[in-house]
Amino acid sequence: MIFPSQGSLSTIIGKRKALIARGIIEALERAKAAGEIHYALVPEFVVEIPRELSHGDFATNAAMLLAREAKKSPRDIAKIILKNFPQQILPLKEIEIAGPGFINFRLGDNWLPQCFGEILAIGENFGCSEIGRGKKIQVEFVSANPTGELHMGNARGAAIGDTLASLLKAAGYLVEKEFYINDAGNQIEKFGFSLEARYLQELGEDIPFPEDGYHGEDILKTMKDLIERDGDKYKNIDSALRRELLTQYGLEKKLASIRETLALFGVEYDVWFSEQSLHDSGAVAQTVKALEEKGCVYTKEDALWLACTGFGEEKDEVLVRANGVPTYYAADIAYHDNKFKRGFDQVINIWGADHHGHVARMKGAMEAMGYNRDRLHVILMQLVRLYRGGEIFRMSKRTGTYITLAELIEDVGKDAARFFFVMRSPDSQMDFDLDLAVSQSADNPVYYVQYAHARICSILEAAKGEGLDIAAINKGEIKLNRLEHPSELALIRKMADFPDEIIYSAHHYEPHRIAAYVQELASGFHNFYAHCRVLGEDKELSLSRLALAKMTAITLKNGLNLMGVNAPEKM
RNA sequence: GCGCCUGUAGCUCAGCUGGAUAGAGCAACGGACUUCUAAUCCGUAGGCCAGGGGUUCGAAUCCCUUCAGGCGCGCCA
């Protein structure tokens, strides 16, 4: 019995936790058989690394959780566990009962250097695991309307989604990243009218711009480009045809621009999926028909409704409007049906908080379609609020005043921007101070982490002239027990936790944890650097420390890369 | 009115599957470069975890409630 919080059997820390957990369970079973304690089932206790060093290497709360059922004090139960604990299960130096009933385990003195040996043997791929082997997960994110530029909300989604996908991949899942192109529906119509108005205005016609159109400068620029290329060849044709041609051109341009900007942001997709294709292929109609056949729909006021209330939702929703046009909702159901038909075990969507009303509807619709609603998971990000000059800077597509992702990348840089977005939990509303981001970007924690990496690279470079047998590191022929300084041991401990950290972050869909992790690891290294000189007279020690530094660099790099952040060798 | 998110140090935020003395960065203050990058390190100070009630051995964490902020509640997407 291994609980999720105990990590993976296959990881360095995870397997030690698992051994201790097994020992505790054995001890309890043994005590139960001997009549020393009474309980039905072993509770879901945790084995964790205590924050406080004096609390040992690992600690468990098992005794406290059993107290009520076993009708004994936690400390008495701890005594019983301790007495029956199979000591041969792993090399222990000490077990003690502490506080209200914690059991603290202290492993042999050299366990951390041993961990380091195991890490060293893994090398470049350190951090990856096979937990998710055989499971297919799709992460869909950004999916911005192709009618304008990417804004801060899209940027946050891009950073979170891309990092989450990387984490899942590192945990062994088969991952596909997807961008859903909303190239159908009302906003495309509006897009067409906006393009047409700008086009004709630019050609000297005095016509009004649609009030609810897209006022952005980019629309005008797109049309100027078209005029430069094709002149006024669309001026004197049928309006509907003109809008169709202009829309087609505009969509292509916008998508290309979105794709390019995301690439600059380090985001590459596996699939770009068109909403229009669902209409063209008849998939939307088929989905509506399928729901009809399942008896989940009814007609009211000439519209076709999905009886969502039957699936625990607040109210029913329209699938097909009275005018016969299917809603976005109907298309989205068809889209998600398509996702599951592609064989994904789990589908993750990253949406802005303003879409939260859509979450329950979609899950309900999935249930109506016969899928387990939990196979769809939606991460809602709270909105990004921009500050400039100490005031809230409103993003508005209507007025065209917004900061684009492209501008952000130019001002702040990809690395800092991505780190900044990933750092925050999606749940927290984010205040993005543009002045601060631009003027004081050196304060961004990303540089702290990158600096640690660059420092190590500098040491590795310097080591070349020291006559050290660097090849011995790769062969695992270094003296592990020379690593004994508290800062060295703390660094190893932090590093050893990396694979479990990835698994945890992946399983809980919490990419921000990895940002915190790399900061802590960098801190561990800087502390080690301040206390221990790597290159020195003692060649054996130098080599051991060099190996530690090198492995730290690999871990930092792997961690940063998960976030799409570079690990520079020089700064 | 109903629903979702948030409220933790001066500021920005972690911690929330209940655990030991609530953490980090920035800002403040005091120290550390003749040596592998000082974009660093070490130390000090800073908290009724929004308020109130409950659950229990134990609550920042779970439940109820009040207050404050954000976002939703379309035959928009």
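The chains referred to below are lettered A, B, ... by the order of the sequence lines, with proteins before strands, and numbering in each begins at 1. Note that the coordinates shown come from a computational prediction; the quantities given were computed from them, not determined experimentally.
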Determine if the base of B:C33 is syn or anti; take syn to mean the glycosidic torsion is within 90° of 0.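 The base of B:C33 is oriented syn (glycosidic angle within 90° of 0).
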Can you identify which nucleotide, out of [options], has its nearest atom closest to the [X] side chain?
X      : options             : value
A:Y448 : B:U6, B:C41, B:U21  : B:C41
A:Y504 : B:U17, B:C36, B:A20 : B:U17
A:A530 : B:C36, B:C41, B:A20 : B:C41
A:S428 : B:C41, B:C4, B:C13  : B:C13

Would you indicate what [X] reaches in the nucleic acid, counting non-hydrogen atoms under 4.0 angstrom: base, sugar-phosphate, or nothing?
X      : answer
A:N104 : base
A:R68  : sugar-phosphate
A:H55  : base
A:E537 : nothing
A:Y451 : base
A:A331 : nothing
A:C532 : base
A:A360 : nothing

Would you say that [X] contacts [Y] through its side chain, given a criterion of any heavy-atom pair below 4.5 Å between the two side chains?
X      : Y      : value
A:F191 : A:T247 : yes
A:L28  : A:I81  : yes
A:F45  : A:L66  : no
A:L548 : A:F525 : no
A:H358 : A:V378 : no
A:F528 : A:H485 : no
A:M563 : A:M423 : no

Using OP1 and OP2 only, check whether a side-chain N or O of [X] sits under 4.0 Å from [N].
X      : N     : answer
A:S425 : B:C13 : no
A:R455 : B:A38 : yes
A:H512 : B:G15 : yes
A:N527 : B:C42 : yes
A:Y447 : B:U40 : no

[N] to [M] separation - [atom1] atoms, rounded to the nearest Å:
N     : M     : atom1 : result
B:G51 : B:A60 : C1'   : 14 Å
B:A45 : B:G30 : C1'   : 11 Å
B:G15 : B:U6  : P     : 10 Å
B:A14 : B:G72 : C1'   : 27 Å
B:G7  : B:U66 : C1'   : 14 Å
B:A59 : B:U8  : C1'   : 14 Å
B:C26 : B:U37 : C1'   : 23 Å

Using Watson-Crick or G-U wobble geometry with both distances below 3.5 Å, tell me the partner of [N], or none.
N     : answer
B:U21 : none
B:G1  : B:C73
B:U34 : none
B:U61 : none
B:G43 : B:C29
B:U55 : none
B:C67 : B:G7

In this structure, how many angstroms lie between the [atom2] atom of [N] and the [atom1] atom of [X], rounded?
X      : N     : atom1 : atom2 : value
A:M64  : B:A59 : CE    : P     : 13 Å
A:M423 : B:C26 : CE    : P     : 12 Å
A:F525 : B:C36 : CZ    : P     : 13 Å
A:R51  : B:A24 : CZ    : C1'   : 10 Å
A:Q429 : B:C71 : CD    : P     : 7 Å
A:K71  : B:C57 : NZ    : C1'   : 15 Å
A:N444 : B:A24 : CG    : C1'   : 14 Å
A:R385 : B:C71 : CZ    : P     : 8 Å

Inspect the contact between A:R243 and A:E189 and indicate whether a charged nitrogen and a carboxylate oxygen are less than 4.0 angstrom apart.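 No salt bridge links A:E189 with A:R243.
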Around atom NZ of A:K363, are there more than 12 heavy atoms from other residues, nucleotides or ligands closer than 6.0 Å?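 Enclosed.
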Pair of N/O donor and acceptor under 3.5 Å linking B:A20 base with A:N61 side chain: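 Donor-acceptor pair under 3.5 Å: no.
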The contact string for nucleotides 72-77 of chain B, one letter per nucleotide 5' to 3', using protein heavy atoms under 4.0 Å with B, S and - for base, sugar-phosphate only and none, comes out as SSSBSB
Residues that A:E48 engages under side chain to side chain donor-acceptor pair (under 3.5 Å), provided they are two or more places apart: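 A:E48 satisfies side chain to side chain donor-acceptor pair (under 3.5 Å) with no residue once adjacent residues are dropped.
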Side chain to side chain contact (heavy atoms under 4.5 Å, CB included) with A:S425: which residues, sequence neighbours excluded?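 Per chain and number, A:S425 pairs via side chain to side chain contact (heavy atoms under 4.5 Å, CB included) with A:D427, A:H512.
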